[in-house]
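Take a look at the structure below.
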Amino acid sequence: MIYPPPLNLVQFSFLAISEQYLSILTQTPIRLINYRFRYRSPPPFREIDDLSTAIESSPILFPCHFRAVFVNFDPNSYTADQLSISVQAHMAKFAAKNSPACGTCASNVTVSVTLDSNSNCISNGNNVDWKCGALNEFKFAEKHEDGLLDEDFASLLDNNSGAKVYTVVAVKTEQEEVRAVVGKYRHAWIMGRIFEEEAIEKIAEIFVNVFMNGGKEEGLIHGEFMPLGADGRIVLSFNLLNADPHNWIYDWDFQEIDENLLSPVIDALKPLADVSVESQVLYHTPKSSFSFWDDRLDSYIFSTKDLPFFVNSNEWHLDTSVAAGGLSKILQFVVYVPSAKECPLQLQLPNGEISTTNGFISPMWGGIVVWNPSACLTDSKIKHPLRYKISSEDSRKLFEVFMGQLRQLFGLKSDGLFVGASGTSILLASERGFSEWELDVLSRQHSCFNLLQCGTTLGSLSRLVQSLPRMIIMDDIGKQVKYSLEAARLTLSNALLGIYDASAESSRQARLLAEDAFYHPSMMSVSYYSFEHCFAVYSPFFLPVSLHVLLAVLREWKRYKQESKKYYAWKAK
Amino acid sequence: MGIWGSLFLLFLILISAYQSFAKEGSAEELNEEFTEGLLLRPLADRKVLAHFHFQSSVPPTRTYGRHHHLFPKSIYQLIKKFRVREMELSFTQGRWNYERWGGYDPISSSNAKPPGVELWAIFDVPLDQVDASWKNLTHALSGLFCASINFLEHSTSYSAPQWSFRSFTGKLRYGTLPREAVCTENLTPWLKLLPCRDKAGISALMDRPSIYRGYYHSQRLHFTSDEYDTAKSNSGIMLEQTLTVVLQPNTLGARAMVSGKTLQPSWSLSSLFGRKVHGKCSVSKSSNVYVQFEQNLVSELKEVWKESEESERGILTHNNFWTNPIFEMSASPHRIVKEVGNLQQEDSSILYEFSVEDFNDSEPFDLGLKWKLPVAWSCQQAPLRASRFLMGSGNERGAIAISLKSSRNNNTQRVGCSENGSQLRIDIFQVVPWYVKVYYHTLKVFVDGELQSTMENIEKMHISSSEDKVSPGVMEMILRLPCGVKTAALTLEFDKGFLHIDEYPPDANQGFDIPSAVVSFTDFQASIGFEDNFLNKLPILNELQERKHVICYTEVLLVPLTTPDFSMPYNVITITCTVFALYFGSLLNALRRRVGEEERLLKSKAAKKRGPLTSILSKLFAKLTGRPIKPPETQSASPSSINYKVIVKVILVAGMAVGWQYYFR
């Protein structure tokens, strides 16, 4: 009697043991490796996730305080409270048009209104220190100079309380023309024969679109791409490029520009960024694309579609070494002096017109201005090139273009006009480059995007650490993450209180710490144990063993088939 | 009244003259300058030395400002960031042949560099920050020049010489990388520091294939800065960039022979470099090409001239000299500059100056030198020729020997000795990596083959012995040798150390380099003085005139160290695994076997077909063993005994497994 062979007990136990044996052989080194590669101080994953969800779900919004002053309006038609409510209603209408961007004002906007007429002076709100009747001394007809008026308003509105209040003064005069001007400080004024409803709408628009959003329009650089380094520093690198020094050599006195024109701008930007300046003159730096001669315009034309090929990175050695730049953002400003072969070189706008500034910007990189020498058309067959110096007048013009480009790089308007739904407003340019309300807008945006960046950096760090469980995390990194989180929390609380400078500062710190943690040298050299390595080490064992096992299985299978055949033959019998 | 009036007038004149002078002086001072120059020199062994020299200078930031017009921004940033007072970086390929190319002239002293990278820097920071500054500087430079200078960061690879290398103390760091390969990727960033790069001027000659084809190629960058000096009189930053190449002129076909002697090869700029000079770099202040005839060559030329034609002396400075019967130059020099101050010899070297300013694209400058008569000369040698070699064999110990041989030309030596009594002073500076453990007590000095007591000949010695994996061994010494010495040798014994497996570089079997030792003869000045004071303003001639010690570098030594079998861990793994696999396989086989069944099968098989071959074999086997032929057993061993054996085996394996587990816990 032949039965199909049962798996006998001995074999079974053997398999169990061999499995255990194998597991010992294979797992011991892995266990050791696990022990070695475990992170020492796990970053606070929960808190990081909380932060990033908090930032991403709702953009940071700052509280803003506005004040509207109506001068010479009829005090009987509206009360101050009514005016305040209707201004807020209009503001809500304007704000609804564009979704609340990061760094704008929250819903807790306060609008206080003062009605100043000849007879009486009514205000609502608590913190109003408008000197009633002060404007009556002014003879508006005599003062047409906007700059002087701006200073007068500044002295009138000078409040020492420290809170940042944006003011619009609406003055009803006999003038036919209605002028709306935004000053260099935190105020604007509307003047002319204007009615209440009109004034309210205009005031609300200035509040929302200028003071809150910085007068931005479609097509300008989005605030997210603010050219600021992780450490909150900017290097402005000015370059004068002589395309072909065989024709002429231009030099400049940049020391003078730096001292006279640039230093006030740097001072103005101090709360926002630490700016350093460097300059160089380069020679033999042709652009990398060709221009064509246009008879009508009597100059060489470089069209907009070729602009990406203007910068010749092979020949333009604009680079600043990391030793000097560090983590800071480097903005290149280039003056390109064309060679005699293409001398009056003009940039053409897409609509066929010639660019008035003869320059263009590249976001996050910098700006380029083509400067045509006045000696362009004279005979260039001089044996020895002549050395010139760009006159201080020309360099002032160049600098003005650069200032406009810098403002554009920061996402601000450079033409000094704001065209809104209710008419055009003039934006007064500050000699410091940036007016105070613009700096407020920038610092609000800066802290907001810093915080966003910090959140994404920390989030990706935690994701990286979680995806590589064997990675070492040094104590330093854990500490940096902790401090970064603390700074981020501080930013949020400062933002709620409306302290723009402090929140910008702490947000910068949060981002810097987060970046430092992410780019820590020990993180860069992530030495994790690859699984292929394990396979390579153990394959000399597993290959022969698997051969034996396979052979044994084959034999058993063969025998089983034979025996079962016999069994069935016997059964059939 | 008249006297007073005239006096007053004089006073006014004086004041105005002084003011105008001061103005001129300040205007001259407050400018960045760039000059370029090229020196060509025929060498005695039918080669040509080409020495490019570029210099940029900046007045101090305090008076001039920090915005630059010609000076490279990156170098200024380096100086500013790391507060470097002086730095020299050189990339060299090939070895300067001191015997054939000279060892006593300014170019060999300052531009003959050890192969690979040599970097030294003096910092202007507090002593405890010097090392940190050095580390950062090496990283910045390696980024700037696309080279692995950052390997000099480790404390094992740099040293702080006390007095022998430079006279500064404390804040100097010195490091070399003998094995660094030098190529165009190092030259391009170096050229980027020049205002015209290689687009115009003399640097346009730097055709990469031609200059890297040479026998010797050394690119050097040297700057001095006194930006951080507290002293009031400072001269700003001076950046000097030189490229020294030794090229073999193309001699087409067979060597030209005249009266049984081979003619020196004729060359021109276009045949040497494959390019011509199309005018000067527009921003350079001066742009000259010089051809230098060495002192020995000049005297030889005079000899030949005398032989061929009895003519007046001083032909070489004669107006029509470039069409003389010995050689011919394709262009007429602007000026001829003669060396002065070389009192001990009647002949002095001559420089022919050519200015490239007046040349342009349509009429490029291509200087050629054509020899008409054979001339042979030898170059000037350093007082002693230094070489270094290894002694001993095996992987355990060895010895370093530095040998100094008197050169054939004894003139120079006599001069130095007469100035300094009867002793010849030699400074030696040597850095040895830590894995070559030098026993400094075994230092032996041999003079003319005889062992001398060390104290007699060594005037001063400073040794900082190496510390394992921390710092290299540094030896600095001043040697005094008698004047008439023929040969001298220093030997030092060493043991070879062992490195950790991680510390071996790739291709460890090639051996390890000991950087070149620096041998300087401080009694001898390598400088060529020129007659014209006006020449002081030309930096390339200034470099020749600068009074420097005669310096030479010895060879790089290649020490073979014991290298482990890097594949050993994998071999061990493979062997162990194979053993385990064998054991496992046999065990598996044994367990799987059903002995009774197999025997039955065999028996039935045997019964079925017992072929003639098998029966013969079994008979043979039986005869050999002397046992009768047994019919196959009908009954196999009892199953209980099999089970017993199997269980023992299983227990054995389990025991081993348990033991393994506990042992490795």
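The sequence lines fix the lettering, A, B, ..., with proteins before strands; numbering per chain opens at 1. In this text, all values refer to a predicted model and were calculated from it rather than measured experimentally. Hydrogens, waters and symmetry mates are skipped; everything else that's a heavy atom, side chains included, is used.
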(request) Would you mind checking which part of B/Asn136 comes under 4.5 Å of any heavy atom in chain A, side chain (CB onward), backbone (N, CA, C, O), both or neither? (result) neither

(message) Testing A/Glu256, A/Gln280, A/Gln255 one by one against B/His67 for a side-chain contact (heavy atoms from CB on, under 4.5 Å), which residue passes?
(response) A/Gln255

(request) Please flag which part of A/Ile257 lies under 4.5 Å from any non-hydrogen atom of chain B: side chain, backbone, both or neither. (result) neither

(request) Report the option among A/Ser279, A/Pro245, A/Ala552 that has the most heavy-atom pairs separated by less than 4.5 Å from atoms of chain B. (result) A/Ser279

(request) With a 4.5 angstrom heavy-atom cut-off, could you sort out which part of B/Val579 is near chain A: side chain, backbone, both or neither? (result) neither

(request) Answer with side chain, backbone, both or neither: which region of A/Glu259 has an atom nearer than 4.5 Å to a non-hydrogen atom of chain B? (result) neither

(message) Counting only non-hydrogen atoms closer than 4.5 Å, does A/Ile249 touch chain B with its backbone (N, CA, C, O), its side chain (CB onward), both, or neither?
(response) side chain

(message) Testing B/Gln77, B/His68, B/Arg66 one by one against A/Glu278 for a side chain to side chain donor-acceptor pair (under 3.5 Å), which residue passes?
(response) B/Gln77

(message) Heavy-atom count check: over 12 atoms from other residues, nucleotides or ligands less than 6.0 Å from A/Arg396 CZ?
(response) no

(message) Counting C-beta onward and ignoring hydrogens, is there a side-chain heavy-atom pair between A/Val549 and B/Phe584 closer than 4.5 Å?
(response) yes

(request) With rounding to the nearest 0.5 Å, note down the distance linking CG in A/Asp251 to CG in B/Leu70. (result) 7.5 Å

(message) Looking at every non-hydrogen atom in both residues, tell me the closest pair between A/Arg387 and B/Ser282 and how far apart they are.
(response) NH2-O, 3.5 Å

(message) Are there over 12 heavy-atom neighbours, none belonging to B/Phe566, within less than 6.0 Å of that residue's CZ?
(response) yes

(message) Within this structure, what is the CG-CD distance for the pair B/Leu601 and A/Gln562, rounded to the nearest 0.5 Å?
(response) 7.5 Å

(request) Starting at CZ of A/Phe541, measure out to OG1 of B/Thr578 and round the result to the nearest 0.5 Å. (result) 10.0 Å

(request) Grab the two heavy atoms, one from A/Ser237 and one from B/Lys73, that are nearest each other, plus how far apart they are. (result) OG-NZ, 3.3 Å

(message) Heavy-atom pairs under 4.5 Å with chain A: which of B/Ser74, B/Gly143, B/Pro195 has the most?
(response) B/Pro195

(request) Give, for atom CG of B/Leu587 and atom NE2 of A/His548, the distance between the pair rounded to the nearest 0.5 Å. (result) 10.5 Å

(message) For A/His284, which atoms come within 4.5 Å of any heavy atom of chain B: side chain, backbone, both, or neither?
(response) both

(request) Taking all heavy atoms of A/Tyr283 and all of B/His69, pick out the closest pair and write down the distance. (result) OH-O, 3.1 Å

(message) Are A/Glu563 and B/Glu597 packed together at the side-chain level, in the sense that at least one heavy-atom pair is separated by less than 4.5 angstrom?
(response) yes

(request) Can you measure from NZ (B/Lys199) to CG (A/Asp244) and round to the nearest 0.5 angstrom? (result) 11.0 Å

